[in-house]
2 protein chains.
Amino acid sequence: MMTEDIKKKIRDIVGPDNVLDSELDRFGYSYDSSFVPLVPANKPDLVVRPTTTDEVSQVMAIASEYEIPVTPRGAATGRTGGSIPVKGGISLALDRMTKIVELDERNMMVTAEAGIRTFDLYNACAAKGLFYPPDPASWKYSTIGGNVAENSGGMRAVKYGVTKNYVMGLEVVLADGSILRTGGKMIKNVTGYDLTSLFVGSEGTLGVITNVLLRLISMPKKRGTLQIMFRSLDDGCRMIHDMLQDGIVPAASEIMDDICLGVAARRRNIDLPDGAKSAVIIEIDGEDESSLESQTTRIANVARSCEALVFRAAASEKEADELWSIRRGMSSAVATLAPNRFSEDIPVPRDAFPEVVRRIKKIAQKYGFLIAVYGHAGDGNLHPSILCDISKPGEEEKVHHAIEEIFAASLSLGGTLSGEHGIGITKQPYFANAVGEVAVRTMKAVKAALDPKGILNPGKIWL
Amino acid sequence: MMTEDIKKKIRDIVGPDNVLDSELDRFGYSYDSSFVPLVPANKPDLVVRPTTTDEVSQVMAIASEYEIPVTPRGAATGRTGGSIPVKGGISLALDRMTKIVELDERNMMVTAEAGIRTFDLYNACAAKGLFYPPDPASWKYSTIGGNVAENSGGMRAVKYGVTKNYVMGLEVVLADGSILRTGGKMIKNVTGYDLTSLFVGSEGTLGVITNVLLRLISMPKKRGTLQIMFRSLDDGCRMIHDMLQDGIVPAASEIMDDICLGVAARRRNIDLPDGAKSAVIIEIDGEDESSLESQTTRIANVARSCEALVFRAAASEKEADELWSIRRGMSSAVATLAPNRFSEDIPVPRDAFPEVVRRIKKIAQKYGFLIAVYGHAGDGNLHPSILCDISKPGEEEKVHHAIEEIFAASLSLGGTLSGEHGIGITKQPYFANAVGEVAVRTMKAVKAALDPKGILNPGKIWL
């Protein structure tokens, strides 16, 4: 429990305006964008909003001294409860640390404070012709620190990778308040353990990320969008697989099933061709028009061999935006199909994509739910959405059984629990089974080594 | 000290033929490809050559029980002493575990035992049209497990990255003999800490890598080689920088200074153009001839703007091989210039490449050595070779002072100690200064958590 004396010490560090402790404010920091139910126990005792690494360091030193739980928080757009302070204590909000420290055009790298919004960071780089590719769905709201802590993905992963592929170095405040700096602007660096990668995706359990160094790439000069429809989800998956096998790596390749296609068509008054059961949307990019043309021709050939119903290349940026807005709006569109939706995030070997979808459809039948499927077929990461009404007695329990079976299907096909969202709270029960007992033991040993008092984001990842 | 009883237990596990303990055999396992002097103290008590993960696990369990040091070893091609058993005990040679377990063409991934030679692995994949890009200079001899343990680089890093960018999962025997499996075939995976990356580059100090899962990419259909000469090293560096800034990312872009150019010309009877002070060799690749042509034209334009003396595109594969063999032979060519050579491996931000070379040349003048410089200018990783004669009194001490100053120059320009070779023994004295006290403490905590008895490759990385 935090005494008034401790609260005063923290106020003295960050200033009274940057500490929130009203009932309402603390409630506002008790939830995120996941499906974790609102409960009073998840309210922090204190919300602290530092503006410098030094303030974070001082706050952590006090938290360590008095063994107060600290849950770091960016914009709380997480989908698994990572920023929910389930053990009370301090909600450490990084959202006031929003500066771009340096945009190094010559080395094509950017240093920014953890609280900057990913989209703002993207735009600042884009203004100089530099490209930060990771584009999680939340990127207009989420912070780069949160993206790093969760190792966020996005639609461009198939060609450009995920957040971890761009993190070159970090500034991290450790549990005891000491400030660790990892990595640097060297493209090759084998000077000791890769601590940078250890913190990426560690969900705030090993340290508070205050500063990130990211590499950038040259902004592709030309972009194009293709939309292709198929008679079956299998045909769509096969097309994406054959395309990649042929050496064509698009910037993004997304798939959606007939449920998704149907709801999109209804909401946007689109006439679907007869028999369309899946759609693939592809972004290609390159240095010039001829590169786009050659990619388009090759993809069209692959699509034809997979018996595509429709092949459409967007003729303008406006048309491309329209096609992508269907995909980007899919999460909210699907949500209109039922009172409740539980969205999952499972990655499988790319090859297993069609089979895991078939198994999910069988699970849907078994439990009598509609399960819509869309996702990043190019990288094997899909988002099944269980559509249900948990006001019905027994429905929520059925949902959890269905989720358990979806995870089991993923594991049995060589997949795992999360491609983008992390484990947080929502996937904890399934974690040990997914990674194995030796891995859990190893991770716990690392956690205990870096945070011996267990104050950093306690109650997450493993049970 | 290993008793006869313990040795017998180990013989019983791997079979008597797979344990070596003669004086001569143990001597053969007391050194690697670094400049670490041969000393009797570096002989292991026993050389153990297991063929299965299970055998490795049983050997580690015994080593753990009796607290016997274990130094894992691939092909001992390391440049910093990583596989030298400085504390005696067991030299655990993985070179009999050479199987390709699975070549999964559909998912474009390969699973192999740690002891397979990198070049054999490359060829097996290439035969199926799949490309494993990392190409450390040692790849015809080195093992993939060693490459992973050192996070080996190579010439293709500028476009394709280093070993860590391809490791999707590992099987690792931990200090106590338990078998850890990390990662998987999922392209996106945020299920707990990134243990895979923790083991990559950990130099055998955290576990024994027995099995690796690597992602592959589609083999580029066309390749081309360009050779460009300049009036100064600065012009060459500027050309590489401008090319990358313009969005042209070659598969490799190597630079060599006038000393390297001179020795290559003499050995190969090449007529150098008047005033040539540096050469850049570039490999480009792509899907078709027109892509190569367009890259060649753009690179030629950049070269012209940097006042290139000669621009030559190899007209045949034979000519390309000739050009690359100059670069590949550089290490041995440079070695002919003096009785002794100490080669370093420092990475700096790409931007700082010309400046660090200028400082190295000043260090050379100060100490009266010749220092030849070549390296991977595209990724900021250079190999300065100090050419000397340590039979002269005081010369070796001067070499070590010069190396110290080279490291200081690298650090002051935002670089570090090692881009490809690791820390091992040779760079230990400089390590804490390079990464900082908090990082050393953090790494030691991780080490103690995973190897509480300190039996895995003791005496490496930090002092």
Side-chain angles (χ1 to χ4, degrees), chain A residues 106-107 150-151 153 157 162 164 174 178-182 184-195 197-198 200-202 218 221 241 247 287 290 294 347-351 379-381 414-423 431 434-436 438-439 442-443 445-446 448-450 461, chain B residues 106-107 150-151 153 157 162 164 174 178-182 184-195 197-198 200-202 218 221 241 247 287-288 290 347-351 379-381 414-423 431 434-436 438-439 442-443 445-446 448-450 461:
Chain A
R106 286 185 64 85
N107 286 306
E150 299 290 325
N151 189 18
V162 295
K164 76 168 172 184
L174 299 178
S178 42
I179 300 168
L180 171 69
R181 291 185 181 87
T182 73
K185 289 183 185 173
M186 303 71 73
I187 292 170
K188 289 176 178 165
N189 184 355
V190 287
T191 306
Y193 300 160
D194 181 1
L195 294 179
S197 295
L198 184 60
V200 177
S202 65
S218 186
K221 296 199 175 48
H241 176 269
E287 286 300 297
S290 83
S294 127
V348 292
R350 200 168 61 216
D351 190 25
D379 58 48
N381 182 202
T416 188
L417 305 182
S418 177
E420 307 185 309
H421 299 168
I423 303 302
F431 183 68
V435 301
V438 178
T442 306
M443 291 183 202
V446 171
L450 269 67
I461 304 183
Chain B
R106 287 185 64 83
N107 286 305
E150 299 289 325
N151 188 18
V162 295
K164 76 168 171 183
L174 299 177
S178 42
I179 299 167
L180 170 70
R181 291 185 181 88
T182 73
K185 289 183 185 173
M186 303 71 73
I187 292 169
K188 288 173 175 165
N189 184 355
V190 288
T191 306
Y193 302 159
D194 182 2
L195 294 179
S197 295
L198 184 60
V200 177
S202 65
S218 186
K221 297 197 173 49
H241 177 268
E287 285 301 297
D288 48 38
S290 83
V348 291
R350 201 168 62 215
D351 191 26
D379 57 48
N381 183 202
T416 188
L417 304 182
S418 176
E420 307 184 310
H421 299 167
I423 303 302
F431 183 67
V435 301
V438 178
T442 306
M443 291 183 203
V446 170
L450 268 68
I461 305 185

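Below, chain A is the first sequence line, B the second, and so on; all start at residue 1. Quantities reported herein were computed from a predicted structural model and do not represent experimental measurements.
- Side-chain N or O atoms of Asn107(A) include one that pairs as donor or acceptor with a backbone N or O of Asp351(B) at under 3.5 Å.
- Put simply, of Ala157(B), Ala449(B), Pro349(B), the one with the most heavy-atom pairs under 4.5 Å next to chain A is Pro349(B).
- Ranked by heavy-atom pairs under 4.5 Å with chain A, the list Thr191(B), Leu174(B), Asp194(B) is led by Thr191(B).
- Residue with the most contacts toward chain B among His241(A), Arg350(A), Lys185(A), His421(A): His241(A) (heavy-atom pairs, distance under 4.5 Å).
- Chosen from Asn151(A), Ile179(A), Leu180(A), the residue pairing most often with chain B at heavy-atom distances under 4.5 Å is Leu180(A).
- The residue among Val190(B), Val348(B), Val446(B), Ile187(B) with the most heavy atom pairs within less than 4.5 Å of chain A is Val190(B).
- Taking chain B as the reference chain and counting heavy-atom pairs below 4.5 Å, the highest number among Leu198(A), Val435(A), Val200(A), Leu195(A) is found for Leu195(A).
- Chain A forms the most heavy-atom pairs under 4.5 Å with one residue out of Gly380(B), Ser218(B), Ala434(B), and that residue is Ser218(B).
- Both the backbone and the side chain of Ser202(A) come within contact range of chain B, each with at least one heavy atom under 4.5 Å from a heavy atom of that chain.
- Interface remark: Leu417(A) contributes backbone and side-chain atoms alike to the contact with chain B (heavy atom separation under 4.5 Å).
- To the nearest 0.5 Å, the span separating CD on Glu420(A) from CG on Asn189(B) amounts to 11.5 Å.
- In terms of heavy-atom pairs under 4.5 Å with chain A, the best-connected choice from Gly153(B), Ala439(B), Gly184(B) is Ala439(B).
- In this structure the side chain of Tyr193(B) never reaches within 4.5 angstrom of the side chain of Thr442(A), judged on heavy atoms.
- For the set Ser418(B), Gly415(B), Ser197(B), the entry with the most heavy-atom pairs within less than 4.5 Å of chain A is Ser418(B).
- Here the straight-line distance linking atom OG1 of Thr182(B) with atom CE of Met443(A) works out to 8.5 Å at 0.5 Å rounding.
- Proximity to chain B is limited to the side chain of Leu450(A), based on heavy atoms less than 4.5 angstrom apart.
- With a 4.5 Å cut-off on non-hydrogen atoms, Asp379(A) touches chain B through its backbone and its side chain both.
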